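Here is the structure we will look at, set down as C-alpha cells.
Just so it is clear, the model here is predicted, and its values are computed rather than measured. Computed over heavy atoms, backbone and side chain alike; hydrogens, waters and symmetry mates excluded.
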Amino acid sequence: MSTDSVDQLSVVNEQVLNSSGRSVTAAVSLRRFLCYGSESATYSTRECALGIESALALMQLIEGGRGCEVVEEIRRSNLEGRAVRANPSLFALAVCSQHADCRTRQAALRALKDLCRTPAQLFTFVQYKKELRQGSGMWGRALRRAVTDWYNSQDGMSLARTVTKCKHRAGWSHQDLLRLSHMKPANDSECLLWMVTCWKGVQEAYGDKETSEDVQKVFAYLEAVEKAKRCTDEQELIHLIEEQRLEKEQILTNHLKSKEVWKALLKEMPMAVLLKHLGNLTANKVLAAASADVAAVCERIQDETALKKVSILRQWYFYKNFNQLFNQFLVDV
C-alpha cells in the first residue's frame, strides 16, 4: 500500500493489538481487514470467518467517533480498484450501518449503492446485518429506504439484466427484499421486475397491454431469458444471446458445454467475467489458435480504460493466465 493511501484516513495513529497480538495503527489494521478479511499481516487464499472479534481496529475507529471516515475508506478502497475482498468490505459496512452513531449509520447506508453493485453483494450485506442483529429488528425505515433506492436507482433494462443474473444468494431472494422493504416501483418497466420470477404473471399483466417502448424492451428481454431456459436448439439459443445480449449466468449449465455458445457470449462479455474465465476458455479451446476470437480478446485486454474499471484481483487472475493465451496468439504471427 502506498504512503498516500495510508494517510487518507485522517492519519489515525492510535495503536491497537491485532489478531496476531502485534501493535499497529488502527488505519493499517482496517486496511488489512478489508484486503485479507483479517488484521493479520499474512494473506491467505482461503476466505476467513468474519466477526467482530476479527475486526478490532474497525470497532476501535467507530467507537472513537471516526465511523464516517471508516465508511469513506471502505467506499474509496472499493471504487479505486484496490485489492480488497468484497465480503470483508460488506461486513464492515454492515457493522457501520447499525452502530449507535446516527451519522455513521446514515453514511453506511448512503454507500450501499456504491459497494453493492450486484444482487449477490446486496444479499450478502443483508445477511451480515441479520447475523449481527441476530435476526431481530433490522428492517427499520433507513434500511427499507436504502434497499428501495438500490432497486429504483436503476433503469428498467439495467435492473432486468441484474435481477435475472442472480435471483438468490446467502439465503435471500429478490422477493424477500421487495417484500421486507415495502418497495414501490418507480415506473412501469420496474413493475415487471416484481413478477420476474413468475413469467406467467408478467404475460398476463403486460402481454396484450399497450405499453411504452422502454417497457416493451424490458418485456422482450425477460421473454428471451425465459426462452433461453427452455431452449433445446443451439442455434436458437445463440440467436437469443446475440439479439438480447444475454450473459453466462442466464444460460443453463448444459448449454455452457458448447464452444459455439461460449463464442456467442464472448462478443458482449463484461471485462471482469472475461478475465475470470480466460484460462478455461483457452484450455477448452474456445479460443482456438490463430482465430479471430483470440485476436479480438487480445485487443480488449490491452484496453487500459477498460482494465482500470476492473479490480486489481481480477487483473492479477488475468496475468496469471495470460501466457497461455499469448502463446496461442503467437501461432498466428
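For Phe91, the ring pair (Phe, Tyr, Trp, His ring centres under 6.0 Å) criterion is met by Tyr128, not counting sequence neighbours. Listed by chain and number, the residues in a side chain to side chain contact (heavy atoms under 4.5 Å, CB included) with Gln106 are Cys102, Arg110 (sequence neighbours excluded). For Asp101, there are no salt bridge (Lys or Arg N to Asp or Glu O under 4.0 Å) partners at least two apart in sequence or on another chain. Partners of Trp172 by side chain to side chain donor-acceptor pair (under 3.5 Å), not counting sequence neighbours, listed by chain and number: Gln127. For the side chain to side chain contact (heavy atoms under 4.5 Å, CB included) test, residues two or more places apart in sequence or in another chain that qualify with Gln235 are Asp233, Ile238. Scored by the side chain to side chain donor-acceptor pair (under 3.5 Å) test, His99 finds Glu63 as partners (sequence neighbours excluded). Legend: residues meeting side chain to side chain contact (heavy atoms under 4.5 Å, CB included) with Lys217, ordered by chain and number and at least two apart, are Met157, Glu213. In terms of the side chain to side chain contact (heavy atoms under 4.5 Å, CB included) criterion, residue partners of Gln98 (sequence neighbours excluded) are, by chain and number, Lys129, Leu132, Arg133.
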Could you list the donor-acceptor pairs under 3.5 angstrom formed between side-chain atoms of residues 111-126 and any protein atom two or more places apart in sequence or on another chain?
residue: Asp114; atom: OD2; partner: Arg75; partner atom: NE; Å: 2.8
residue: Arg117; atom: NH1; partner: Asp114; partner atom: O; Å: 2.9
residue: Thr118; atom: OG1; partner: Gln121; partner atom: N; Å: 3.2
residue: Gln121; atom: OE1; partner: Arg117; partner atom: N; Å: 2.8
residue: Gln121; atom: OE1; partner: Thr118; partner atom: N; Å: 3.3
residue: Thr124; atom: OG1; partner: Ala120; partner atom: O; Å: 2.8

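Contacts classified as salt bridge (charged side-chain N to carboxylate O under 4.0 Å, His left out) and involving residues 236-249 (residues at least two apart or in different chains) are given here: Lys165-Glu247, Glu242-Lys267, Arg245-Glu268. Residue pairs that meet the salt bridge (charged side-chain N to carboxylate O under 4.0 Å, His left out) test with at least one member in residues 292-301, sequence neighbours left out, do not exist here. For residues 254-264, the set of pairs meeting the side-chain hydrogen bond (donor to acceptor under 3.5 Å, both in side chains) definition, not counting sequence neighbours, comprises Glu234-Ser258.
In this structure, NZ in Lys167 is found 13.5 Å from OG1 in Thr162, a value given to the nearest 0.5 Å.
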